[in-house]
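Remember, predicted model here, so these are calculated numbers, not experimental data.
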Amino acid sequence: MNFRFIWFILIIFFVHNSRTSSAQVVRSKGKMNQQFVMNDETVIVNQATGQRISYQAYDELLKKSPGRYRTQPVFDKYGKASSFALIPKTKSEVETGITLTLDEDGMPEIGKPIPPFVMTGLDGKTYDSDKLRGKYVLLGFWVKYEKPLYTLESTKIISDFIEENHEKGIEIVSLGTTINTDEECRKAIPKRNCGFIPVPNSYGFNHRYKVTETPFFILIDKKGIVRAMAPHTEFDKIKELSLR
């Protein structure tokens, strides 16, 4: 069963005068919300001019033109919101008060290089896309390692795919992003082969790659090129590929 997580249900709150800059996760009536906290040190770029502006200038602009701008986090190769884009709202957004930030055009494309990533697995190892050249990489995008999305059936197709290719002498580095903490991952991941290395606190990569449906998979070839992409229900698009 697939669930589509559209960006407008990820409510972004901007908290002023905070001493820290971080991302927090909360639940509200069953929905998953992420709070991105901004402060004086936050990098803010005016999308209209391409210039960085100070937090004070940003604050003054919002006071001068309330409801005319939105701020969207920009995720780096570490899956962190390292900067924020200040974006003028469209006429429709201003009039309706509804902002739709879904941008599937920003997703990776088959046949093109994967935007770089650096992930830290539950095994303590660092997985750098540049250093993984020469190996196949399977990126799995999850929300949390909990039912109904995370089940034995949903991971068996991954572990079978990895094992079948391993028997052919083909190594695949399989990584799974999640909103879970390190401790939660250790509790949630059963003592069996789930087919991937969990990457705790890594939901930012779902944002970086514009993944709106989970679980979702991206297969990257030995040259760092996206070979295939598919949601869980269409994993055969990946499984049936002949890897060499």
Side-chain angles (χ1 to χ4, degrees), residues 1-10 25 27 30-32 34 75 79 102-112 114-115 117 119 121-122 127 129 132 135-167 170-181 184-221 225-243:
M1 179 178 183
N2 283 310
F3 287 78
R4 183 168 290 275
F5 289 84
I6 305 301
W7 288 79
F8 62 77
I9 70 170
L10 289 172
V25 179
R27 284 186 178 275
K31 292 183 178 180
M32 192 79 67
Q34 251 182 318
F75 292 84
L102 177 64
D103 179 18
E104 290 186 338
D105 289 339
M107 289 186 70
E109 295 183 39
I110 295 175
K112 294 188 177 182
I114 185 78
F117 65 81
M119 300 182 182
L122 190 63
Y127 295 89
S129 57
L132 289 173
K135 299 179 182 179
Y136 283 99
V137 178
L138 180 66
L139 297 181
F141 298 86
W142 305 77
V143 178
K144 301 192 79 172
Y145 300 144
E146 296 177 359
K147 292 182 178 181
L149 293 180
Y150 180 85
T151 64
L152 175 61
E153 291 76 17
S154 65
T155 59
K156 189 175 187 302
I157 60 170
I158 308 168
S159 56
D160 287 350
F161 175 68
I162 301 298
E163 183 60 29
E164 288 169 6
N165 279 281
H166 178 71
E167 292 175 357
I170 300 171
E171 181 182 0
I172 301 175
V173 177
S174 182
L175 304 168
T177 70
T178 179
I179 212 164
N180 291 113
T181 64
E184 289 172 339
C185 285
R186 296 183 186 283
K187 291 180 179 179
I189 300 297
K191 293 182 179 180
R192 61 175 174 81
N193 178 18
C194 63
F196 58 86
I197 299 166
V199 184
N201 299 308
S202 59
Y203 194 71
F205 289 105
N206 295 50
H207 291 284
R208 175 170 172 77
Y209 295 122
K210 310 297 184 184
V211 172
T212 60
E213 182 175 356
T214 59
F216 190 86
F217 301 92
I218 297 178
L219 180 67
I220 306 163
D221 69 16
I225 305 298
V226 176
R227 180 80 178 274
M229 302 193 299
H232 174 263
T233 53
E234 300 175 15
F235 194 79
D236 283 347
K237 291 181 179 179
I238 294 176
K239 186 176 181 180
E240 293 175 358
L241 291 174
S242 178
L243 308 185

From CA spacing to verdict: ring pair (Phe, Tyr, Trp, His ring centres under 6.0 Å), Tyr145, Phe196: CA-CA 12 Å; Tyr145 300 144; Phe196 58 86; 5.6 Å; yes

Residue pair Phe235, Phe161: steps toward the ring pair (Phe, Tyr, Trp, His ring centres under 6.0 Å) verdict: CA-CA 10 Å; Phe235 194 79; Phe161 175 68; 5.7 Å; yes

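Interatomic distance, CD of Glu153 versus NE2 of His232, reported as 8.0 Å (0.5 Å rounding). Atom OG1 of Thr155 is separated from atom CG of Leu149 by 12.5 Å, given to the nearest 0.5 angstrom. Atom NZ of Lys210 and atom CZ of Phe141 lie 12.5 Å apart (nearest 0.5 Å). How far CZ of Phe216 is from CG of Leu139: 10.5 Å, rounded to the nearest 0.5 Å. Going from atom CD1 of Ile225 over to atom CD of Glu109 covers 11.5 Å, rounded to the nearest 0.5 Å.
Side-chain contact check for Tyr150 versus Pro215: every heavy-atom pair is 4.5 Å or farther apart. Considering only heavy atoms from C-beta on, Thr214 stays 4.5 Å or farther from Trp142 through its side chain. The side-chain heavy atoms of Leu219 and Val137, taken from C-beta on, include no pair separated by under 4.5 Å.
Using a distance-only test at 3.5 Å, with no hydrogens or angles considered, no donor-acceptor pair links the side chain of Thr177 to the main chain of Tyr203.
Taking every heavy atom of both residues into account, Ile110 and Arg227 meet most closely at CG2-O, 3.6 Å.
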